[in-house]
There are 2 protein chains.
Amino acid sequence: MKARLTTGTLLDRESYPDGRKEALKLWVVLARCFNSFAQNEAHHLKAFDLTPPQFGVLETLAHLGPMKMCEIGMKLLMSGANVTGVVDRLEKKGLVRRALEAEDRRMFRIHLTEEGGKLIAKFFPIHAGRIEAFTSVLTSKEKRVLTDLLKKLGRAQRHEAEPERVQA
Amino acid sequence: MKARLTTGTLLDRESYPDGRKEALKLWVVLARCFNSFAQNEAHHLKAFDLTPPQFGVLETLAHLGPMKMCEIGMKLLMSGANVTGVVDRLEKKGLVRRALEAEDRRMFRIHLTEEGGKLIAKFFPIHAGRIEAFTSVLTSKEKRVLTDLLKKLGRAQRHEAEPERVQA
DNA sequence: TATTGTTATACTCTATAACTATA
DNA sequence: TATAGTTATAGAGTATAACAATA
């Protein structure tokens with residue numbers, strides 16, 4: 001196995017300068033961490049007949065209260081047309097409803113229905129429990145350190161990413 | 001804004017026990033970190049007419065050498081039918097090719113074509129550079145700490161996730 | 001019989017652009 | 001004119017199941 005590292009491979013990570021190697025390694029473990037848990041969650045969501053974007057909308061509404069379409073899009077990084085599609089599917093299942101706003105008749109406010117509220121109230125604690133279990137290999141202090149470092153990293157990325165998104 | 005936190009919201013994160021709150025916070029910042037960078041990268045990939053799964057396949061082949069379809073699937077957590085689809089699209093663009101394996105005629109080994117090799121050799125360093133820039137808000141030591149904590153977390157998740165995937 | 005990979009099907013997500021209605 | 005949201009279109013990913021060929 002070791003012998004193969006330098007044969008037949010077009011890109012050889014070992015040949016990068018240390019700083020770059022370190023950064024790549026960090027990204028690889030971050031992505032793996034996210035993907036394995038997220039895929040697992042997506043699997044659990046299917047038992048509730050939900051997709052990750054649909055769960056994202058329900059969760060956001062449950063935590064922040066009724067929102068406009070465009071607010072949902074901004075919060076979840078979706079384009080307007082995509083929000084329409086996801087909300088359509090949730091509405092068809094009876095989990096959310098569009099309520100006309102008196103002040104400005106161009107917009108709606110999306111509400112959870114009673115059924116949608118029940119669903120998220122049932123699913124979210126289970127989801128949270130899995131997150132708690134998943135992170136339980138870390139001590140409380142490690143979790144705090146990790147959270148702080150990720151916060152720092154995420155802030156940096158958002159500052160770079162936003163101008164790109166605007167001009168695109 | 002502060003006043004809204006407890007009104008009209010179905011789920012109130014503040015009311016969770018501390019351990020769960022900590023865990024949820026960690027997951028939120030991890031997901032945000034991953035998503036903002038990954039979305040940004042997906043945007044850059046479009047300039048090369050590639051999607052993230054397609055890039056994943058090219059990158060894997062470039063780093064590990066020619067692979068079987070099922071190996072690609074395992075490495076990238078894709079089902080067999082999905083690998084077929086992604087590889088089909090890459091083959092149509094002339095970036096990879098299926099090479100018949102002498103020993104076992106059921107399987108192929110997927111190779112990068114010269115064009116595919118050139119593409120990934122051009123794109124990957126740019127990608128790596130963006131990762132380096134993105135992580136440059138952290139000191140070298142912070143990166144190491146972060147990497148180690150994520151490794152620990154990822155290992156735990158993989159052990160839980162795999163049995164689930166097998167039985168499904 | 002088990003494994004490798006494909007085909008068929010159906011659905012969701014996503015981006016983009018053109019469009020309607022309201023402001 | 002600008003904004004909120006929809007519609008239309010097209011492509012890509014995904015899951016699932018049924019299938020072919022080979023071992």
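The chains referred to below are lettered A, B, ... by the order of the sequence lines, with proteins before strands, and numbering in each begins at 1. Computed from a prediction, not measured in an experiment: that's the story for all the values here.
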| Would you say B:Lys75 has more than 12 foreign heavy atoms packed within less than 6.0 Å of its NZ? | no

| Mind checking whether B:Phe123 and B:Phe55 have ring centres under 6.0 Å apart? | yes

| query | How close or far is atom C1' of C:dT12 from atom CG of A:Asn82, stated in whole angstroms? | reply | 10 Å

| request: Look at A:Thr51 and C:dC11 and indicate whether a side-chain polar atom (N or O) is within less than 4.0 Å of OP1 or OP2. | output: no

| task | Show the numbers, then the answer: is there a side-chain contact (heavy atoms from CB on, under 4.5 Å) between B:Val57 and B:Leu76? | result | CA-CA 8 Å; B:Val57 171; B:Leu76 301 183; 3.7 Å; yes

| Between C:dC11 atom C1' and A:Asp49 atom CG, what is the distance in whole Å? | 11 Å

| Rounded to whole angstrom units, what separation is found between the CG atom of B:Leu50 and the C1' atom of D:dG11? | 15 Å

| task | Nearest whole angstrom, please: distance from the P of C:dT14 to the CG of B:Asn35. | result | 10 Å

| request: Check for a donor-acceptor pair, side chain of A:Glu91 on one end and backbone N or O of A:Arg98 on the other, with a separation under 3.5 Å. | output: yes

| message | Nearest whole Å is fine: how far is C:dT4 C1' from B:Met67 CE? | response | 15 Å

| message | Considering every strand and a 4.0 Å limit on heavy-atom distances, what is the contact class for B:Ser79: base, sugar-phosphate, or nothing? | response | base

| task | Return no unless some side-chain N or O of B:Thr84 is found under 4.0 Å from OP1 or OP2 of C:dT6. | result | yes

| request: Determine: side-chain N/O of A:Lys46 to OP1/OP2 of D:dT16, distance under 4.0 Å, yes or no. | output: yes

| field | Side-chain touch A:Asp18/A:Lys21, heavy atoms, less than 4.5 angstrom | value | yes

| request: Would you indicate, yes or no, if C:dC13 has its OP1 or OP2 atom less than 4.0 angstrom from a side-chain nitrogen or oxygen of A:Gln54? | output: yes

| said: Less than 4.0 angstrom from a charged side-chain N to a carboxylate O is my criterion; do A:Glu101 and A:Lys68 meet it? | reply: no

| request: Check the distance between C:dG5's P and B:Arg97's CZ and give it to me in whole angstrom. | output: 16 Å

| message | Need to verify one output field. Residue with the more 5' nearest nucleotide on DNA chain D, B:Val86 or B:Ala81? | response | B:Val86

| said: Between P on C:dT12 and CG on A:Leu45, what's the gap in Å once rounded to a whole number? | reply: 14 Å

| task | Measure from CE on B:Met69 to P on C:dT3 and round the result to the nearest Å. | result | 18 Å

| remark: In B/S/- notation (B base, S sugar-phosphate only, - none; protein heavy atoms under 4.0 Å), nucleotides 18-23 of chain C written 5' to 3' is ---BBS

| Under 30°, 30 to 60°, or over 60°: which ring-plane class applies to B:Phe124 and A:Tyr16, parallel, tilted or perpendicular? | parallel

